[in-house]
Structure formats: structure tokens, C-alpha cells
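Below is one structure, written out as C-alpha cells, with a few remarks after it.
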Amino acid sequence: MHTVFTHALVTGGAGFVGSHVCENLVRSGTRVVCVDNFATGARENIAHLLPEQSFELVEHDVTEPLELPGGVDVVLHLASAASPKDYLRLPIETLRTGSLGTERMLEFAGRHGARFVLASTSEVYGDPLEHPQREGYWGNVNPVGPRSVYDEAKRYAEALTMAYRRERDADVAIARIFNTYGPRMRAGDGRMIPTFVTQALAGEPLTIQGSGEQTRSVCYVTDTVAGLLALAHSELTGPVNIGNPHELPVWRLADEVRALTGARSGVRRVDGAEDDPRRRCPDISLAREELGWRPEVALGEGLRRTIDWFAARHAAA
Ligand code: NAD
């Protein structure tokens, strides 16, 4: 177990997951520097943290060298476009952030003697041929398809992180995060849950890509953040899966959202995305055994909190 961190750097801290990471750390008494270039993040995600003495925002692109006064004892590296809509719009930037940006942050962590935690993704498993996915599975990724800009950037980032460990004995960890949802996702970012929720609240039909039989396992954001921070505080390198193993077909998720919002709208089927994985479910034995972590927020509860958050914004708009 690492001692409690006093100074953390969170890249991508103004994004969906990153802002919850910053919030959790600030609440637990850690000083946080949030580094973000707002490529896909939003100032309003961290507006409530800006008045805090222990929180600082540095507007910066992680592909540029970073110098900061003062010490840092952990770097949580989340900077990267993450929704397909974003990374398909920013293909080269996504590859550069995953490759050069990760190298810059590994160098930064090394100069500060800080632990480095990479936010990787279940997308490294591609369209998996093994089910559920264990960390030992090497994946089934199309290296030249449109989604490869994200998947391969993360695979490279993992390889680079492991090379720093092997060659320089760097203190590093890799979290393979599975689909996460919750407040502060963007309504128009193309990801399934915000799309379903905003459609249901607007009384529009919910659009299901493909047959709807493809499965997803979705994890509420506070659970994902707890897993990521448990990894940061451990001595584990990983990679380690962080996700919720409760697997559901997409049509069932749409039904849950319709039931919880009381929406009368139906569903509409649209074409599936290219290389969209058919099944996705983490095996989280490693995180359970080594980190003592498991997701705690049930789907109905997580969806209700998410719907409430979107509904409040919908009402204010
Ligand atoms: P997000 O788009 O909401 O947040 C990403 C943040 O990184 C944004 O604030 C963006 O402005 C920032 N960023 C991007 N490029 C940058 C750069 N070059 N320099 C500085 N900042 C930059 O996405 P998210 O869903 O919060 O994802 C955060 C991380 O978690 C990503 O690394 C993503 O790959 C990983 N992840 C997320 C999920 C998920 O379901 N949300 C699943 C697996 C992995």
C-alpha cells in the first residue's frame, strides 16, 4: 500500500471521469492539479472545484512538455478523447495524445518520482473472442479501421507504460476501464446511456444501433473512480480490469431507461457502427482479489442518479 498521496496531477481532469477523480481526491484532502486542454472536456465539470484552495487548473495540452513548480506524488493520466464520436472527429489528435502525451506524462512522473496510473480501456480487447475478458487476453483489434485511432493509441500507451517499468523501473499501473456512465457525460457525445436518457427525456424514440442483442456491462462513475484510486494506492502494476460484470443486451438498457423515465416513446433501430464489439464483459477477479474493489452501485440506482442529473439540466435549458 502506498502512503496517502498529498499531491496529485490529473490529466483530462475536466472531462467526465477525470472531474469525478478530481472531486474524490479534493474531498479526501489531496492537493490536485488538473491538466486539460478542453478538447472534449468542459469548464463547468470542475467549476465547483475552482474555489477550493487545494485545486488548481492548468490549461495545457499533454503532448507539450510540462513543467510545474512543487512536488507531485501521483499522476493519473486520463487525457484522451473517449467517445467514438469525439475520437472519430479527432483521429490524429487522439493518436498523438495517447502516444506522445503518454510519453510526456511518464517523463513528468519520472522527474517527480511519482506513481503513474494510465487510464486504459476495454477497447484494447477489440471485438473480443474470449468471454468474459480477462487481463491475459491479447485482444482482437482491427489496426486500420476507423476505431483503431483510439484502440491502438491505448495499446501503444500500455506498451510504453510497461517499457518504462521494465527499462527504468518506473512505478506505474494500468487500469483497463470498461464502459462507465453517470452525471457529466455530454448529451451529444454519442455514447449509449446519455443518448438514451436525453432521447427519453425529450419524448423521442430511443435509437438502438444494430440488433440491440450486443451486450454491454456498464459501471457507475463513482465505482470506476474508486477502482482507479484503489489501484493508484496499491503497488499493483496490472493491467487490471475496472468495470461492472453485470452484462446486459443493449435493448434491455434501453428498456430500463424508458421504465425509469416513464417515457412513452418507443425504440428505433439504426445501422450498427463499424467494428462495434458484440459482447463486452469484464472479469474483475484480479481487482477483487488484489485491490479489494468491486462495484457497489446497482444499475437502477446509477441510472436514476444519471437521469436526475440530465433531467435537472433539461429543465434548466
Ligand atoms: P472525456 O472526453 O470526458 O474526458 C477526456 C478529457 O481529456 C477531456 O477533458 C479532454 O479535454 C482531455 N484531453 C484530451 N486530449 C487532451 C490533451 N492532448 N491534453 C490535455 N487534455 C486532453 O472522456 P472520459 O469518458 O472522461 O474518459 C477519460 C479517460 O478514461 C480516457 O482516457 C478514456 O480513454 C478512459 N476511459 C473512459 C471510459 C468511459 O466509459 N468513460 C471507458 C474506458 C476508458
Side-chain angles (χ1 to χ4, degrees), residues 9-23 33-46 49 57-66 75-105 108 117-125 133 147 149-158 161 174-194 216-225 227-228 231 239-244 277 280 282 295 302 306:
L9 182 92
V10 181
T11 76
F16 158 50
V17 181
S19 62
H20 288 275
V21 171
C22 291
E23 193 174 294
V33 177
C34 161
V35 169
D36 206 295
N37 70 348
F38 294 102
T40 59
R43 207 168 280 270
E44 62 171 319
N45 288 342
I46 47 162
L49 296 174
L57 168 66
V58 175
E59 206 164 330
H60 176 85
D61 186 325
V62 294
T63 62
E64 301 292 337
L66 179 67
V75 173
L76 293 139
H77 181 46
L78 287 91
S80 168
S83 88
K85 201 165 170 181
D86 286 332
Y87 62 69
L88 295 175
R89 176 174 60 86
L90 302 166
I92 296 174
E93 198 174 322
T94 301
L95 280 160
R96 279 175 53 84
T97 299
S99 54
L100 184 56
T102 300
E103 185 178 336
R104 297 259 192 238
M105 291 305 112
F108 178 91
V117 182
L118 174 69
S120 184
T121 170
S122 56
E123 300 293 335
V124 300
Y125 299 124
Q133 290 82 55
R147 297 172 73 106
V149 298
Y150 181 64
D151 305 2
E152 296 293 12
K154 291 288 186 181
R155 288 169 67 97
Y156 174 86
E158 288 198 7
T161 301
I174 299 172
R176 288 190 181 146
I177 300 172
F178 282 63
N179 282 9
T180 296
Y181 72 101
R184 302 198 198 121
M185 296 186 92
R186 275 173 299 133
D189 85 353
R191 290 190 263 197
M192 180 179 59
I193 289 181
R216 293 294 180 268
S217 313
V218 294
C219 192
Y220 189 66
V221 64
T222 53
D223 280 334
T224 297
V225 169
L228 194 61
L231 175 62
V240 55
N241 289 339
I242 301 290
N244 191 321
R280 209 23 103 55
T306 309

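By convention here, the first residue in the shown sequence is residue 1. Every number for a ligand or one of its atoms is a count from 1 in the order of the listing. Remember, predicted model here, so these are calculated numbers, not experimental data. Note that these values count all heavy atoms, side chains included, but never hydrogens, waters or copies made by symmetry.
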> Of the choices E64, R191, M192, which has the non-hydrogen atom that lies closest to atom 25 (O) of ligand 1?
Replying inline: R191
> If you count the atoms of ligand 1 from 1 in the order shown, which ones are under 4.0 Å from a heavy atom of A39?
Replying inline: 11 (O)
> Is there any N or O on T97 that sits under 3.5 Å from an N or O of ligand 1?
Replying inline: yes
> Which of the listed options, A175, G243, A82, G182, holds the heavy atom that is closest to atom 37 (C) of ligand 1?
Replying inline: A82
>> Give me the atom names and distance for the closest heavy-atom approach of P282 to G243.
In response: CG-C, 3.9 Å
> Of all the non-hydrogen atoms in the protein, which one sits nearest to atom 1 (P) of ligand 1, and at what distance?
Replying inline: T40 OG1, 3.8 Å
>> How far is atom 22 (C) of ligand 1 from the closest protein heavy atom, and which atom is that?
In response: N37 OD1, 3.0 Å
> At what distance is the nearest protein heavy atom to atom 30 (O) of ligand 1, and which residue and atom is it?
Replying inline: A119 CB, 4.0 Å
> Would one find an N or O of T121, backbone or side chain, under 3.5 Å from an N or O of ligand 1?
Replying inline: no
> Quick one: does S120 get an N or O within less than 3.5 Å of an N or O on ligand 1?
Replying inline: no
>> Counting C-beta onward and ignoring hydrogens, is there a side-chain heavy-atom pair between L228 and I242 closer than 4.5 Å?
In response: no
>> Any nitrogen or oxygen of A42 lying under 3.5 Å from a nitrogen or oxygen in ligand 1? Just yes or no.
In response: no
> Measuring from D61:CG to F38:CZ, what's the distance to the nearest 0.5 Å?
Replying inline: 12.5 Å
> So how far is it from H60 NE2 to L66 CG, rounded to the nearest 0.5 Å?
Replying inline: 4.5 Å
> Would R155 and E152 pass as an ion pair if we require N to O under 4.0 Å?
Replying inline: yes
>> I need the H20 NE2 to T222 OG1 distance, nearest 0.5 Å.
In response: 8.0 Å
> Nearest protein heavy-atom contact for atom 19 (N) of ligand 1: which residue, which atom, what distance?
Replying inline: V62 N, 2.9 Å
> Heavy-atom distance to atom 38 (C) of ligand 1: which of T11, I177, T224 wins?
Replying inline: I177
> How does F16 reach ligand 1, by side chain, by backbone, by both or by neither, if only non-hydrogen atoms under 4.0 Å count?
Replying inline: both
> Do any nitrogen or oxygen atoms of V17 come within less than 3.5 Å of a nitrogen or oxygen of ligand 1?
Replying inline: yes
> Which ligand 1 atoms are under 4.0 Å away from a heavy-atom of G15?
Replying inline: 3 (O), 4 (O), 8 (C), 9 (O)
> So, is D61 polar-close to ligand 1, with some N/O to N/O distance under 3.5 Å?
Replying inline: yes
> Relative to each other, are the rings of Y150 and Y87 parallel, tilted or perpendicular (30° and 60° limits)?
Replying inline: parallel
>> To the closest 0.5 Å, what do you measure between CZ (R104) and OG (S99)?
In response: 10.5 Å
> Is it the side chain (CB and beyond), the backbone, both or neither of K154 that lies under 4.0 Å from ligand 1, heavy atoms counted?
Replying inline: side chain
> What atoms in ligand 1 come closer than 4.0 Å to a heavy atom of G41?
Replying inline: 8 (C), 9 (O), 10 (C), 11 (O)
>> For S83, which part has a heavy atom under 4.0 Å from ligand 1: side chain, backbone, both, or neither?
In response: neither
>> Taking 4.0 Å as the limit for heavy-atom contacts, which would you say applies to H60 with ligand 1: side chain only, backbone only, both, or neither?
In response: backbone
> Which residue holds the protein heavy atom closest to atom 40 (O) of ligand 1, what is that atom called, and what is the gap in Å?
Replying inline: T180 N, 2.8 Å
> Nearest heavy-atom pair of V17 and V221: which atoms, and what distance?
Replying inline: CA-CG2, 4.4 Å
> Can you tell which part of N179 has a heavy atom less than 4.0 Å from ligand 1: side chain, backbone, both or neither?
Replying inline: backbone
>> Measuring from atom CG of L95 to atom OG1 of T63, what distance do you get when rounded to the nearest 0.5 angstrom?
In response: 12.5 Å
> Looking only at heavy atoms, is any part of Y150 under 4.0 Å from ligand 1, and if so is it the side chain, the backbone, or both, or is it neither?
Replying inline: side chain
> A14 heavy atoms, cut-off 4.0 Å: which ligand 1 atoms fall inside?
Replying inline: 9 (O)
> Going by distance only, is there an N or O of D36 that falls short of 3.5 Å from an N or O of ligand 1?
Replying inline: yes
> Quick one: which ligand 1 atoms are inside 4.0 Å of a heavy atom on L78?
Replying inline: 28 (C), 29 (C), 31 (C), 32 (O)
> Using 4.0 Å as the upper bound for N to carboxylate O, is an ion pair formed by K154 and E123?
Replying inline: no
>> Can you confirm whether F108 sits close enough to V35 that some side-chain heavy atom of one is under 4.5 Å from a side-chain heavy atom of the other?
In response: no
>> I need the single residue from D36, N45, V10 that forms a side-chain contact (heavy atoms from CB on, under 4.5 Å) with S19. Which is it?
In response: N45
> Going by the order shown, which atoms of ligand 1 are within less than 4.0 Å of some heavy atom of F38?
Replying inline: 11 (O)
> Among pairs that include at least one residue of residues 81-90, which meet salt bridge (charged side-chain N to carboxylate O under 4.0 Å, His left out), considering only residues two or more places apart or in two chains?
Replying inline: D86-R89, D86-R186
> Nearest protein heavy-atom contact for atom 14 (C) of ligand 1: which residue, which atom, what distance?
Replying inline: S80 N, 3.5 Å
> So, do T11 and H77 sit near enough that their side-chain heavy atoms are less than 4.5 Å apart?
Replying inline: yes
> Rounded to the nearest 0.5 Å, how far does OG1 of T40 lie from CZ of F16?
Replying inline: 12.0 Å
